[in-house]
Amino acid sequence: MGGLVGVRAWPFTYVAHVLAVAAAVMVLVWNIHFRGGLAFESTNKNLIFNVHPVLMTIGFIIMGSEALMSYKAFPGSREVHKIVHLILHAIALVLGALGIYFAFKNHNESGIANLYSLHSWVGLGTICLYGIQWIFGFVIFFFPGAAPNLKRNALPWHVFFGLFVYILALANAELGFLEKITFLQSTGLAKYGPEAFLVNFTALVVILLGVSVVISVIAPAHIEDLHSYAAI
């Protein structure tokens with residue numbers, strides 16, 4: 001997929017890796033240090049909920065980011081890139097689904113209604129679209145694989161729809177950060193305290209990560225390579 005002629009992908013790829021590490025550390029510090037830790041089972045249901053933002057940020061957003069950049073970030077042949085791309089997206093999909101499960105688990109065990117917010121609606125829609133995109137990519141580009149001319153015709157739509165779902169996931173992550181911090185502040189969390197600032201800065205880092213990833217994907221790997229994402 002050509003675009004941003006004159007801009008190379010690799011600087012944005014490196015920046016995205018750094019931002020991904022920063023986002024992972026920040027969301028872990030928030031949920032372990034400030035929110036009390038993580039638990040799959042606990043009498044403190046907040047610890048179960050804490051698994052949700054961790055898995056959605058690290059598992060869904062960051063792993064999905066790495067999957068999108070795999071054609072630019074990893075050495076090897078096109079076939080290797082394809083397999084890495086497929087596997088990383090599968091991991092992101094599974095961890096994202098688990099993240100949603102823990103949100104439902106927390107709500108059900110706490111007596112909280114499910115699917116009442118825009119964040120939950122968009123989140124469920126995004127994970128469904130992500131799954132459809134993965135299945136489409138697997139069938140067309142991996143196994144059993146389509147005819148070469150169909151692959152060429154499908155590729156731009158695959159890339160476009162993949163970026164659309166990724167941006168949707170980023171937007172929903174921002175909704176999630178906003179919803180959680182607003183709820184915490186309404187129950188007494190200091191609006192200008194360290195936790196509030198950490199959550200806001202984590203959300204900003206996720207935005208910058210998304211921008212870097214999108215530019216990395218649509219920019220050519222080399223100035224002369226205007227179709228570096230092509231011919232999967």
Side-chain angles (χ1 to χ4, degrees), residues 1-25 55-99 126-127 129-170 206 208-232:
M1 180 177 180
L4 296 182
V5 177
V7 176
R8 287 184 292 180
W10 68 263
F12 295 95
T13 304
Y14 287 128
V15 169
H17 291 323
V18 172
L19 292 170
V21 172
V25 171
L55 285 181
M56 299 314 290
T57 303
I58 297 177
F60 195 48
I61 298 295
I62 294 178
M63 198 63 66
S65 299
E66 294 297 333
L68 284 173
M69 296 187 296
S70 59
Y71 284 88
K72 307 288 178 69
F74 296 99
S77 67
R78 186 173 297 151
E79 287 303 311
V80 171
H81 290 158
K82 186 192 301 184
I83 292 171
V84 171
H85 181 76
L86 185 76
I87 291 174
L88 289 178
H89 272 312
I91 293 172
L93 181 60
V94 171
L95 294 180
L98 280 174
T126 301
I127 201 77
L129 291 176
Y130 204 103
I132 292 169
Q133 169 78 345
W134 190 89
I135 293 170
F136 175 84
F138 184 89
V139 171
I140 297 297
F141 300 110
F142 192 73
F143 182 83
N149 63 326
L150 180 57
K151 285 184 179 180
R152 284 193 299 271
N153 292 333
L155 178 60
W157 291 103
H158 180 65
V159 176
F160 171 80
F161 191 70
L163 287 174
F164 168 73
V165 175
Y166 177 70
I167 292 169
L168 197 61
L170 290 170
V206 169
L208 294 174
L209 168 63
V211 171
S212 299
V213 170
V214 170
I215 295 175
S216 173
V217 169
I218 65 177
H222 306 287
I223 293 297
E224 68 277 7
D225 179 10
L226 301 183
H227 301 283
S228 58
Y229 207 98
I232 291 180

Between H89 and L68, is there a side-chain heavy-atom distance shorter than 4.5 Å? yes

Distance (rounded to the nearest 0.5 Å) between M56 CE and I62 CD1: 12.0 Å

Pairwise distance CD1(I167) to OG1(T126) - rounded to 0.5 angstrom: 11.5 Å

Can you pull out every side chain to side chain donor-acceptor pair (under 3.5 Å) where at least one residue sits in residues 14-23? Sequence neighbours excluded, please. H17-E66

Taking all non-hydrogen atoms of both residues, which atom of I127 and which atom of G96 are closest, and how far apart? CD1-C, 3.8 Å

To check you understand the geometry: which heavy-atom pair defines the closest contact between A16 and V213, and what is its length? CB-CG2, 4.0 Å

Could you check whether any side-chain heavy atom of Y130 comes within less than 4.5 Å of a side-chain heavy atom of L168, counting everything from C-beta outward? no

In terms of the angle between their ring planes, are F138 and W134 parallel, tilted or perpendicular, with boundaries placed at 30° and 60°? parallel

If you round to the nearest 0.5 Å, how far is CG of L86 from CZ of F141? 11.5 Å

Are side-chain heavy atoms of V217 and Y71 found at a separation under 4.5 Å? no

If you take all heavy atoms of K72 and S216, which pair is closest and at what distance? NZ-O, 2.6 Å

Let me confirm one number: the OG-NZ distance from S70 to K82, rounded to the nearest 0.5 Å. 12.0 Å

Quick check: closest heavy atoms across G210 and L170, and the distance to 0.1 Å? CA-CD1, 3.4 Å

Taking atom OG1 of T13 and atom CD1 of I215, what is their separation to the nearest 0.5 Å? 10.5 Å

Nearest heavy-atom neighbours spanning L95 and G59: CD1-CA, 3.5 Å

dist I83:CD1 -> R78:CZ (nearest 0.5 Å) comes out at 13.5 Å

Work out which heavy atom in Y166 is nearest to a heavy atom in I61; give both atom names and the distance. CE1-O, 4.0 Å

